[in-house]
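First up is the structure itself, then whatever we jot down about it.
The basis for the numbers below is simple: all heavy atoms, side chains too, and nothing from hydrogens, waters or symmetry mates. Small disclaimer: the values here were computed from a predicted structure and weren't measured. Both ligands and their constituent atoms are indexed starting at 1 by order of listing.
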Amino acid sequence: MGNYVFLGAPGAGKGTMAGLAAERFGIRHISTGDILRAELKAGTELGRQAQQYMEAGELVPDALVAALVNSVLGRDHVRDRGFILDGYPRTVTQADLLHEELDRTHLNLDAVVLIEVSRDLLMQRLTARRVCPACRAVFNVLFGPPARAEVCDACGGPLVQRPDDNADTVAQRLAVYQEQTAPLIEYYESRCLLRRTPGDGGRETNFQALCRCLGLAP
Ligand code: AMP
């Protein structure tokens, strides 16, 4: 089905859209944020190294994240089914490292999809976001609440707010995005890989727009 990068500010819906695409098309969803949170929860050395950056809303060092992604990209089922990179690359250095790895392993990127959302909506979405640590489902108390308050519709587990979804850390994450990740828009535009899709509607509307953008039937 192809190999893609989903680009967009925190709260743009990269994870939600990648999750829907994984379910619908069987493509592998690789979220560096999810992998780092799992390492942190498991108390690994990598998780310990990443923790201070994540809690401050800063980026984890490039080499650390690149090594993590490269190890996942090397797996056979990822190569066979195609992948969506959600949250990687986030700096120009990471983009260079990704392309070195793709060249080395004879993989191609089919497209980089920029999910566009206004800043006000990003702030609202992030601070009202609730996640299920057990099954990774994402809800929003304003725009897509679960049927029962603070309980996951999918698996019945308790929902939590991510520690980095408080207002101060969200503002820092958006600033880091503007400074370090937004330059990737031009980076991929100049390589003729960038496609844009609106992310400010509801989940289904956004997914249909994404499928159209990728030339796939939703
Ligand atoms: P996310 O779930 O994508 O919003 O990521 C949560 C946090 O994990 C970020 O604020 C960073 O601290 C860290 N992180 C995730 N992906 C990357 C990346 N590609 N480079 C550096 N840090 C990352």
More than 12 heavy atoms of other groups within 6.0 Å of E23 CD: no

Identify, by atom number and element, the atoms of ligand 1 in contact range of R173, meaning under 4.0 Å from any of its heavy atoms. 4 (O)

Give the residue and atom name of whichever protein heavy atom lies nearest to atom 4 (O) of ligand 1, and the separation in Å to one decimal. R162 NH2, 3.2 Å

Protein residue, atom and distance nearest to atom 20 (N) of ligand 1, heavy-atom basis: Q94 NE2, 2.8 Å

Report the nearest protein non-hydrogen atom to atom 17 (C) of ligand 1: residue, atom name, distance rounded to 0.1 Å. R90 CD, 3.5 Å

Interatomic distance, OG1@T91 vs CD@E179, rounded to 0.5 Å, equals 12.5 Å

Nearest protein heavy-atom contact for atom 8 (O) of ligand 1: which residue, which atom, what distance? M54 CE, 3.5 Å

Going from OG1 on T205 to CG on L210, what distance comes out if it is rounded to the nearest 0.5 angstrom? 12.5 Å

Tell me, do L109 and F83 make a side-chain contact under 4.5 Å, heavy atoms counted? yes

Looking only at protein heavy atoms, identify the closest one to atom 19 (N) of ligand 1 and say how far it is in Å. G87 O, 2.8 Å

Name the closest protein heavy atom to atom 12 (O) of ligand 1, giving the residue it belongs to and the distance to 0.1 Å. E58 O, 2.6 Å

Please confirm whether K14 comes under 4.0 Å of ligand 1, counting heavy atoms of the residue only. no

Out of K14, R162, R136, which residue meets the salt bridge (charged side-chain N to carboxylate O under 4.0 Å, His left out) rule with D34? R136

Euclidean distance, L73 CG relative to E101 CD, rounded to 0.5 Å: 6.5 Å

Considering both backbone and side-chain atoms of T32, is one of its nitrogen or oxygen atoms within less than 3.5 Å of a nitrogen or oxygen in ligand 1? yes

Of R37, Q172, Q180, the one whose closest heavy atom lies nearest atom 2 (O) of ligand 1 is R37

Under 3.5 Å between any N/O of V60 and any N/O of ligand 1: does that happen in this structure? yes

Any N or O on D86 sitting closer than 3.5 Å to an N or O of ligand 1? no

Could you tell me which non-hydrogen atom of V176 sits nearest to which non-hydrogen atom of E58, and how far apart they are? CG2-OE1, 3.9 Å

Any salt bridge between R125 and D200, counting N to O under 4.0 Å? no

Protein contact to atom 14 (N) of ligand 1 [nearest heavy atom, distance to 0.1 Å]: L36 CD1, 3.6 Å

Please give me the minimum heavy-atom distance between G82 and N3, naming the atom from each residue. CA-OD1, 3.2 Å

